[in-house]
Amino acid sequence: MTRETEESGGPHGKTSRSDDAVLLKVQGLVRDFDSLRALDGADLEVHSDTITGLIGPNGAGKTTLFNVVTGFHLAQGGRVTLNGQDITNLPPHRIFRHGLCRTFQIPREHQSLSVLENLMLVPIGQQGEGLFNAWLRPGAVRRQELANRKKALEVLEFVDLSHVRDEYARNLSGGQKKLLELARTLMTDPTLVLLDEPGAGVNPTLMHRLTDNIRYLNRERGITFLVIEHDMDMIMSLCDPVVVMSEGRQLMTGSPEEVRRDPRVLEAYLGGQYATVEG
Amino acid sequence: METLILIKSVLLIIPIVLLLLLLLPARRWRLPMAVVAGVVLAFALSASLPSGILAYSVSFAIMGCVYALLTLGLNIQWGYTGHLNFGVAGFFAVGAFTSALMTVEAPTGIAAQYTQMAFGLGLPFLVGVAAAALVSAVVAFLVAVPVLRLRMDFLAIATIGVAEIIRLIFQNERWLANGPQPLRGIPQPLRCLVETQGCGWLPPWTTTVLEPLTPRDYPLFYLTIISLFVAGAYLLMERACRSPWGRMLRAVRDEEASAAMNGKPITYVRIQSFVVGAVIMGIAGALYAHYTVTIDYSHFHALFATFLVWVMLMLGGSGNNRGAIIGGFIVWGVWSGTAFLANAIEPLLALIADDLPRRAAYFRWLLVALLLAAIVLFRPQGLIREEKRVSRYLRE
């Protein structure tokens, strides 16, 4: 993989790299909720092997961007490509099969399933999900189930949830649910994982473990991450580059240092949006 | 007389063994225990019970089996997938009328003026049941595509509407299945065994052996047939639900968005479970029709064929197939028992007001409603709760 040296160019001081390293490309995404324009021509590029941060004031459209990219909301304009393939407005399960996983801001575990089976649910191509295979091919289903169980136990070991594997997922603490969300994405071999505020409501110790895990997965397993986060310490230490959104559009992209210094970012957080509302 | 009791005992063995298998806990000794106890019970019951009570018990058990099937079907839809289907009666009716149309001979001559039907193919019983399953599946699919976009209460309203439409079609379309008049003469499988001339396709010794049986004893055969259907449906559903298929259903029920993000095609899953549930309800309808011989639209009112089934599932335990069957039998028992109760209190009601005894029937509904309220308040998970572990491959 060739990567051009980073150059600071373009009107937004955009960090640009060669196109073949672009994993996720979002172009001119538009999405309205009634009269509210949540996404107003949003652009975004996520390069392979990065941990890209996505920040912006509340209501900037970050979660909506996730929802549109992953097929939960339909885009009313624009294009999303993953690895060069157009995935705009595909249903969520098809997008998942392209290797794109996401977690939710508020964990959405399957409450009535055990932690173990929350994970065993995830793998693609389970024969036992077909009614006739479930009836007629118990041998094949058993082999797959045992393999998936083994994998789930490994993942639980990795996120340190082994001790609660037989609990109902609804009984986990808030932080454990966050870990379970991350664990869920590891049950497949994702190319890109979108994390929606993985640090919200998580205590500092757990937060450390979470960032360590993300870094490890990025380095050792080559998983690319796009992370929405409000905790600036986490963003600054974990992510490069960082994309700033405001009012449904991309405001700028740059290294954490560049973002920190940029006056437009400060304005977006402190005054920009209020000024527009008044106008 | 002795041979009659012997034959009856033998005929009771299969249903009783199946019932014991359902009730006994899953241990190594379950099967031998059930077989031994079943044989003993079968002989003890047929020897000790007066024939009237035995006949009543058999017909009670047959209707219990019909309701157990309906409850099993609803359990797939509501228990596993969370479809609030208040249209059970619709699929029940579709199954009953389909099987009737497939198996009744089309009337000819003067009878054709009294009984109108779209067609009457005179096919065997099993073909009728299979057709009932197939047509229920098609109807469920056609209903599911627009209706399953709705959630919870809206789905409930839509499915009530669909069931009422189905019932009104059978009430008003004379050409289809004799309209408001009953459709009679639905053939009963193996009925010939109790007729004097016997079954032509079976060896002649069967006629000799079954000589002592009269047509009044036919329900014993039907009980064996229908209990085998219940057992088959239970085994198939249990196997499917205790595999990744059932896990997928429960995942969709718990949290749709997350299931979608785990790569599950939720629309397809929801339609699949709705159709599978409806197929079982359709089969229940077919088995009901062949038992009662005569059906008409009034048998498919929501009170009997939808809401009673809901109470059964709530009592037995949503999300548990065993619970569904047991709940079906218990509530059917309560319902049948309240008939006696309503009769017994009629003199008492007459003391209060002259016209109250005529309304004693509603007293039964009051009791069922109280039962439902008690379940929801004191045991919302039902008698047998849903199991935590889904996959049967995870037993260690």
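Convention: sequence-line order gives letters A, B, ...; per-chain numbering from 1.
With a threshold of 4.5 angstrom between heavy atoms, A:Arg184 approaches chain B through side-chain atoms but not through N, CA, C or O. Contact annotation for A:Gln126: only side-chain heavy atoms (C-beta onward) come within less than 4.5 Å of a heavy atom of chain B. In this structure, no portion of B:Val269 lies under 4.5 Å from any heavy atom of chain A. Using a 4.5 Å cut-off between heavy atoms, A:Met120 touches chain B through backbone and side chain atoms alike. With a threshold of 4.5 angstrom between heavy atoms, A:Leu131 approaches chain B through its backbone and through its side chain. Of the two parts of A:Tyr168, the backbone and the side chain both hold a non-hydrogen atom closer than 4.5 Å to a non-hydrogen atom of chain B. Proximity to chain B (any heavy atom under 4.5 Å) is shown, for A:Pro107, by neither the backbone nor the side chain. Contact annotation for A:Glu109: only backbone heavy atoms (N, CA, C, O) come within less than 4.5 Å of a heavy atom of chain B.
When each of B:Phe91, B:Tyr80, B:Phe141 is checked for a ring pair (Phe, Tyr, Trp, His ring centres under 6.0 Å) with B:Phe274, only B:Phe91 meets the rule.
The closest side-chain donor-acceptor pair between B:Asn321 and B:Asn75 falls under 3.5 angstrom. B:Asn85 and B:Gln77 share a donor-acceptor pair across their side chains, judged by distance under 3.5 Å alone. Judged purely by distance below 3.5 Å, without hydrogens or angles, the side chains of A:Asp196 and A:Thr103 never pair a donor atom with an acceptor atom. Between the side chains of A:Gln105 and A:Glu197, at least one donor N or O lies within less than 3.5 Å of an accepting N or O. Side-chain N/O atoms of A:Arg31 and A:Asn67 include no donor and acceptor closer than 3.5 Å.
Residues of residues 225-239 of chain B that come closer than 4.5 Å to chain A, counting heavy atoms only, are B:Leu236, B:Met237, B:Arg239, ordered by residue number. Inspection of non-hydrogen atoms places A:Pro92, A:His93, A:Phe96, A:Arg97, A:Leu100, A:Cys101 of residues 85-101 of chain A under 4.5 Å from chain B.
By the 4.5 Å heavy-atom criterion applied to side chains, B:Val147 and B:Leu155 are counted as neighbours. With a 4.5 Å cut-off on side-chain heavy atoms, A:Leu179 and A:Arg209 count as touching. Within the 4.5 Å cutoff, side-chain heavy atoms of A:Leu54 are placed close to those of A:Leu65.
Using bins of under 30°, 30° to 60° and over 60° for the plane-to-plane angle, the ring pair B:Trp78/B:Trp310 lands in the tilted bin.
When every heavy atom of B:Gly282 is checked against every heavy atom of B:Ser136, the shortest pair comes out as CA-OG, 3.2 Å.
With respect to the salt-bridge test (charged N to carboxylate O, under 4.0 angstrom), the residues B:Arg242 and B:Glu387 qualify. At a threshold of 4.0 Å, the pair A:Asp189-A:Arg221 counts as salt-bridged, since one of the basic side-chain nitrogens sits closer than that to a carboxylate oxygen.
When each of A:Phe132, A:Phe104, A:Trp135 is scored by its heavy-atom pairs under 4.5 Å with chain B, the top score falls to A:Trp135. Of the listed residues (B:Gly246, B:Ala257, B:Cys241), the greatest number of heavy-atom pairs within a distance under 4.5 Å of chain A belongs to B:Ala257. When each of A:Arg142, A:Glu117, A:Glu181 is scored by its heavy-atom pairs under 4.5 Å with chain B, the top score falls to A:Glu117. Ranked by non-hydrogen atom pairs under 4.5 Å with chain A, the options B:Arg253, B:Met248, B:Met261, B:Gln272 are led by B:Met261.
Remark: aromatic rings of A:Tyr216 and A:Phe158 are close, center separation under 6.0 Å.
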Chi angles and distances behind the side-chain contact (heavy atoms from CB on, under 4.5 Å) call for A:Val159, A:Leu161: CA-CA 6 Å; A:Val159 296; A:Leu161 285 178; 3.9 Å; yes
